Trainee: 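What follows is a structure written as structure tokens; I'll ask about it next.
Just so we're clear, the structure is a prediction, and the values are computed from it rather than from any experiment. Atoms within a ligand are numbered from 1 in the order they appear, just like the ligands themselves.
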Amino acid sequence: MVDDPFENMLAQMDRAEEYADVDHGVFERLKHPERTLKVTLPVELESGEVEVFEGYRCQFDSARGPFKGGVRFHPSVTQREVEALAGWMTWKTALVDLPYGGAKGGVICEPKDLTERDLERLTRRYTEGIRRMIGPEVDVPAPDMNTNPQTMAWMMDTYSMYEGYSVPQVVTGKPLEIGGTPGRVEATGRGVSLVTERLFEYLDRDLSDATVAVQGFGNVGSNAARLLDEAGANVVATSDVSGAAYDPDGLDVAALGAHVDAGGLIEEYVAGEIRGGASAADSRWDDPDAITNAELLTLDVDVLIPAAVEGVITADNVDDLRASAIVEAANGPTTVAADEVLTERDVQVVPDILANAGGVIVSYLEWVQNAQEFSWPLETVNAELERRIGTAFDETIEQYDAKGLPDLRTAAYTLALERTATAHEYRGLFP
Ligand code: NAD
């Protein structure tokens, strides 16, 4: 089993190498991040204590354009994880053909233990720490786990204060009022839903009433669940870090969304302590059962959508998985050892670099609007998202079928590696 996400990413690259038309020397070059900055972040908390946090920004590859990638606030952040995520961003932007490279940032912290003011100070200090390496034409951060439009607003403000004028284009995923784009908040979940629909079309299966389990009910998971529910699928289970809710007849996704938006946990929802205006009494749905995150992963459903953290589908649980398709909303949810078993069992896995690319596609559209100083309506953004992720899906399927590749991940990786390698070959080696 590969526990280290960076080793997992390298193993995914190695699996694709034999099928990719990439010079071995260039391939070796692609295994190393361009640079990683580690920053020490002393912050005076609202309690009066000074806590010293640690943060990273990894810039993995810029052959195809400026670096692009989110910032994660989480206790389990490590340098290796940030580097793996930056690598995955590189393959993702290449696969969906955006003029970007890949990057990622992270701060080791538990946001639940910090006040709003603590989070603002930490974000500003982190932005100051990495500000010499970011910029609208250099490296453009965005939200990821536990960061959101407010975090991006603080990053944009901090960067702009140093520059002496407003620079909205330095981050994406901003609030609408300061240069954000309509559709960004739900973009990753919308992409997951669109890709699931395309997969069902490809497999010639009906999505209506297909059963879906979504691990993680945050930004990505909740929007994917809502949009799949609207598309007619039956979302039977979802979870957060506190536990999972399961109802074989389907969950009330809207009520769950209201509960979580109001700050509630899934375990409270299952226990009947429902926030956000919905109550068990006025719900037309049955009370769901409490199950664990581990049990959610092994439910007998048509589609499993991991939308929380990496490394959840491993050699240890893959034999218990019963879903007939997996759509990877989270980054790196499947280890290579598990992948090999899924390929043997013919379980279709839509890889993360395709399934969750909706977020970076709409981030790109936000960046373009900022550069043009011209904003687009939601319909234009959503249509462009659908066109771009649909094209990437079709190209992946074409590669998979035409080359007789073992699985969709290998197809997506060969495309991404070939595009990135071609950019390197054209640019040549400096000096
Ligand atoms: P989020 O913080 O909004 O939500 C994460 C969810 O996962 C929460 O419900 C949380 O309780 C749950 N969770 C956390 N740790 C867990 C654990 N150990 N077991 C079970 N559940 C757990 O984060 P998000 O932005 O929705 O990101 C989720 C995943 O999607 C991450 O892998 C992220 O890298 C990836 N992703 C996010 C975006 C984006 O635009 N936000 C884009 C591409 C990929």
Side-chain angles (χ1 to χ4, degrees), residues 5 68-77 81-82 84-89 91-93 95-96 102 104-106 109-112 119 141-152 171-174 180-181 183-192 195 213-226 237-245 256-257 259-261 263-269 291-297 305-314 317 327-334 351-364 366 385 389:
K68 186 86 189 84
V71 174
R72 174 178 288 199
F73 286 179
H74 200 273
S76 68
V77 163
E81 181 192 63
V82 170
L85 289 160
W88 283 320
M89 280 306 296
W91 318 135
K92 192 181 306 180
T93 54
L95 178 65
V96 295
K104 203 80 180 191
C109 65
E110 177 49 90
K112 284 198 288 290
L119 280 171
D144 192 71
M145 279 182 77
N146 293 323
T147 57
N148 55 33
Q150 176 62 75
T151 323
M152 294 305 112
V171 289
T172 57
K174 299 178 291 291
T181 183
R184 174 60 185 91
V185 170
E186 64 181 48
T188 309
R190 182 174 291 279
V192 170
V195 156
V214 183
Q215 185 192 38
F217 200 73
N219 173 289
V220 180
S222 66
N223 281 301
R226 177 175 61 80
T238 194
S239 70
D240 64 11
V241 73
S242 73
L256 257 169
H259 169 75
V260 170
D261 285 349
L265 293 171
I266 301 276
E267 72 173 357
E268 295 166 347
Y269 183 89
I291 60 170
T292 63
N293 265 289
E295 286 166 336
L296 178 145
L297 294 171
I305 303 186
V309 286
E310 59 261 26
V312 292
I313 301 173
T314 68
N317 65 2
V327 177
E328 294 184 337
N331 285 305
T334 312
D352 47 6
I353 59 171
L354 174 58
N356 69 30
V360 73
I361 291 173
V362 176
S363 271
Y364 167 66
E366 178 177 332
L385 163 61
I389 207 159

Trainee: Let me see the working for Arg226 and Glu186 under salt bridge (charged side-chain N to carboxylate O under 4.0 Å, His left out), right down to the final yes or no.
Mentor: CA-CA 10 Å; Arg226 177 175 61 80; Glu186 64 181 48; 3.2 Å; yes

Trainee: Compare every heavy atom of Gly358 with every heavy atom of Leu385, then report the nearest pair and how far apart it is.
Mentor: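 Shortest heavy-atom separation between Leu385 and Gly358 comes out as CD1-CA, 3.6 Å.
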
Trainee: State whether the side chain of His74 and the backbone N or O of Met145 hold a donor-acceptor pair below 3.5 Å, judged by distance alone.
Mentor: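 Here the side-chain-to-backbone pair does not exist.
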
Trainee: Compare every heavy atom of Gly173 with every heavy atom of Glu366, then report the nearest pair and how far apart it is.
Mentor: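 For Glu366 and Gly173, the tightest heavy-atom pair comes out as OE1-N, 2.8 Å.
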
Trainee: Going through the distances and angles, do Glu328 and Asn356 end up as a side chain to side chain donor-acceptor pair (under 3.5 Å)?
Mentor: CA-CA 7 Å; Glu328 294 184 337; Asn356 69 30; over 6 Å; no

Trainee: Sort out the contact shell of ligand 1: every protein residue with a heavy-atom distance below 4.0 Å, listed by chain and number.
Mentor: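 Residue list for ligand 1: Arg72, Asp144, Met145, Asn146, Arg184, Thr188, Gln215, Gly216, Phe217, Gly218, Asn219, Val220, Asp240, Val241, Asn293, Ala307, Ala308, Val309, Ala329, Ala330, Asn331, Asn356.
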
Trainee: Can you name the residues that form a side chain to side chain contact (heavy atoms under 4.5 Å, CB included) with Pro143, not counting sequence neighbours?
Mentor: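 Residues passing side chain to side chain contact (heavy atoms under 4.5 Å, CB included) with Pro143: Thr147, Met152, Arg184.
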
